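Just so we're clear, the structure is a prediction, and the values are computed from it rather than from any experiment. In what follows, chains are A, B, ... by sequence order, proteins preceding strands, each numbered from 1.
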Amino acid sequence: MDNNLSPEHFHLIRKVLREGPQNAEDRPLKRKRRRVRDYGSNESKPAVTISIDSSSDPEPQAEVVDLDSPPESNYPEKDDDLEDDYGEEDYRSDEFEDVTEPATSDDIGDVSVTIESTSKKIKNNNRVKNLCSNEERRWRRYYHMAYLACLMVHGADVNEWVNNAKLLRRLSKLIPESLFSLLHPEKDEEMPLRSTRKLLDGLRKCMELWQKHWKVKRRYTGLEYYMRDWQEISGKPNLKRKFTEKDFVRQVLKGHGNCDLATQGFVALLRSCNVNARLIMSCQPPDFTNLKKREPTSTRDYSYESVFKYPIFWCEVWDKFSKKWITVDPTNLQTIEQVRNGSKLEPRGVSCCKRNLLRYVIGFDRKNGCKDVTRRYASWYNSKCRRRRITNNESGSEWFDKVIRALHRRKRTKIDDYEEEYFNQRDVDEGMPDNLQDLKNHPKYILEKDLRNNQILKPNCKECGYLNVGNGKQILKVYDRRDLIDLKSAKQWYMEGRVLKIGSRTRKKVMKSNRGARYKNTDGAPEEERLYSVEDTQVYNPPPASVPDGKIEVNAYGNIEVFTPTMIPANCCLIESPNAIKAAKFVAVEYARAVTGFKFERGNASKPIIGGVVVAKWFKDSVVSAIEGIEYVSETEEREKHELSALNDWNVLLMKIRIKRNLNLTYGNVQEQVEVESDEDQSSDEAPGGGFFPSANAHNEEAKPTAIDSDEAEYMDRDRMGGFKDGKKQTQELGNKSFESGGFIAPEKEKSATATEESTVEQDDNENYEQFMEELGFSDKE
DNA sequence: ATGGACTATGCAACTTTGTTGTTG
DNA sequence: ACAACAACTTTGTTGCATAGTCCA
């Protein structure tokens, strides 16, 4: 997840959705091994997963798990009554693990002792048992993202339905003139508050009107938009019936449907009389921070009211007088509020939050804007809400921003500024958390004990608050995160292209663990590492190359380190190409191999990555053209190889035809039968002579197409088609340096742009061909 | 009953310039 | 003899997030 937000990212999500969590195929070996070990110590997992799956929905996970799960024989008939056997099963699997090991030591007398220790172990192990595997964690994270993205796209879709012109026209007729004027009050210059009052009044009346309009209020049939836990996630979505815009419009006009629909209709109603109303959706993807393998058995059924007490959809109306958004929940709680420090819509209570965990509240406005307005509804956004969001790390928030940006289809307005200001104020008002947990990773505050090894507080900075721990037994100082300074060692700074300023003093000394010193002095004596802040460093200015001959200063290994662009000497440039070294050697100029990074491997060594060469600027052109030359040559070589194989195939084909003709001449015409035979021949053992196909590859490939990556397959496909008219493909790739070659058939003159050039080449080619055929003992004239 | 401190656990991050043998 | 390449290697420590437990 780390290389975020490339198309691969979405590809991965798609993959995740397709595969389910436990697909063992095409994973690095390393992972596989780790998982096997995991199962070894923890065998209850697969069995449980399977039984859950089979009891609820059949889903892809179930069958995949079968692939690499240990034999299930340990758990006879565990398919049903999962709940009841739950604890016992755990216990048993524990016992299996812990007892078998000592048992292999052939010492029977110790058994009683072993069991005793096991029972203790069980207690300890039991709590760890319920943590899901690393792989499952990643999968949950991706699933969470995919789920969230889908919800948000869905929200944007519904928002567009709400803007349906026909719907708005029909709905506007529901609003009487008096109500319309209430919704659009005049600005009261003396007391703007009075205008707001009027608007609120109008909204209340609208709400009442809407409640009358909405005749049939259906209950939810399932969990609908509410949060599922991981065991309820099934690989197969229910696509029985698609709810379309048409259905939506019809149902809203009729006033039939559940709470969600009613709210969406209400937004449409407000928009129909030109009120700036937002559709708000609280997205409820499954909780990726929940790493439990499965939920505890108890507390599974909640009453309808407690689960669906708080809405998923609601409405916000822009109040231009107070410059704030007004929150309206017309159906569930039926309230109107101006949110100050906490909202009534924020779900409270354990059972509620199991199904409705406020994390992503997204607003969709009438101009197709999309904004994250969670801040308004989460009273503890920074200390509690944040950590449950995917934005709790950098790559996650980048991703989230990208999704928002994709759905936000309007320009920024004044209203956005006001809202941002409001959110900032809310951040300030949230204040300091009153417990240790919430202070951990808090974006604004930090405890001294939570400082990283490489962090210090600004000298002489003052604490900004205190925290009571253990009922006032201890008082901890809380600091502002802005007083934090990140430190790095001189070497680390160098990796960022910075060196220490003269006379800078170390800010902190830490004991170096012997990780870095593995090769050097392995006597285990820990070394001291001096750390510095950014202010102690300056940008490294490498010595320039000597002027006439372009000699570059290199380090002890004969390289120059180029970790950042600033590390290239002023009068030099970096040429990044795998052929750069060869090229620089070829043109015999002064150069230095450029180390652009390091590669770490599981072994002991880390290898420098030579990303290219650094040469003086005045040598750049010659090196670049040398590289081009090298590339050109290698391309040509490749193509020649290809041509040769194509010609070879033609040779075989012609040979066959000749043999056939000779046979016909000698033994009379038995065309049909012979043809059939020869066909068979070709398809069976004469693979390489496959006529137009350049190589046996084609056949092999068809035999096992699945093993080949789709891209590659495509490439090979082209290749196969290429056969003898390959030249076309190459012309496209090489542009005007075209070689209409590879041919047996003279290339067509279709690309007349470079016709003259081509024709000469053609001739050459034909000559070549004839020559070649003669060499092979062929002659066309025969 | 609830919330928070504390603890065990496993995962992730960090590490920052090889060696030997075979083939062409 | 030399260059190019492949195979081998399968670490160790710290810090962090989470679940679960216990206690006020």
Nearest to side-chain heavy atoms of [X], which nucleotide of [options]:
X         : options                   : value
Lys292(A) : dA19(C), dT16(B), dG15(C) : dA19(C)
Leu291(A) : dA19(C), dT17(B), dT15(B) : dA19(C)
Thr289(A) : dC16(C), dT18(C), dT17(B) : dT18(C)
Asn134(A) : dT16(B), dT17(B), dC11(B) : dC11(B)

[X] has an atom [atom1]; how far is it from atom [atom2] of [N], in whole Å?
X         : N       : atom1 : atom2 : value
Met495(A) : dC14(B) : CE    : P     : 12 Å
Gln492(A) : dC14(B) : CD    : P     : 9 Å
Asn393(A) : dC11(B) : CG    : P     : 18 Å

Ignoring backbone atoms, test whether [X] places a side-chain nitrogen or oxygen under 4.0 Å from the OP1 or OP2 oxygen of [N].
X         : N       : value
Arg452(A) : dC14(B) : no
Asn441(A) : dC16(C) : no
Arg137(A) : dA12(B) : no
Asn290(A) : dA19(C) : yes

(message) Given Val615(A), which partner from the list Val587(A), Ile575(A), Leu574(A) fulfils the side-chain contact (heavy atoms from CB on, under 4.5 Å) test?
(response)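 With Val615(A) as partner, side-chain contact (heavy atoms from CB on, under 4.5 Å) holds for just one option, Ile575(A).
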Protein-nucleotides 2-6 of chain B N/O pairs closer than 3.5 Å?
unit_1, atom_1, unit_2, atom_2, d
dA5(B), OP1, Leu436(A), N, 3.4
dA5(B), OP2, Leu436(A), N, 3.2
dA5(B), N7, Gln437(A), NE2, 3.1

(message) Would you compute the distance between atom CG of Asn453(A) and atom NZ of Lys508(A) and round it to the nearest 0.5 angstrom?
(response) 5.0 Å
(message) Using a distance-only criterion (donor-acceptor N/O pair, under 3.5 Å, no hydrogens), is the base of dT17(B) paired with the side chain of Asn555(A)?
(response) yes
(message) Quick one: does any side-chain atom of Trp493(A) pair with a main-chain N or O of Lys488(A) as donor and acceptor, under 3.5 Å?
(response)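 Yes, because the side chain of Trp493(A) sits within donor-acceptor range (under 3.5 Å) of the backbone of Lys488(A).
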(message) Under a 3.5 Å cutoff, is there a donor and acceptor pairing between the side chains of Ser379(A) and Glu346(A)?
(response) yes
(message) Is it true that Arg389(A) and Thr374(A) share a donor-acceptor pair across their side chains at a distance under 3.5 Å?
(response)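 There is such a pair (donor and acceptor under 3.5 Å, judged by atom type) between the side chains of Thr374(A) and Arg389(A).
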(request) Decide yes or no on ring pair (Phe, Tyr, Trp, His ring centres under 6.0 Å) for Tyr143(A) and Phe288(A), but give the supporting numbers first. (result) CA-CA 8 Å; Tyr143(A) 196 97; Phe288(A) 72 95; over 10 Å; no
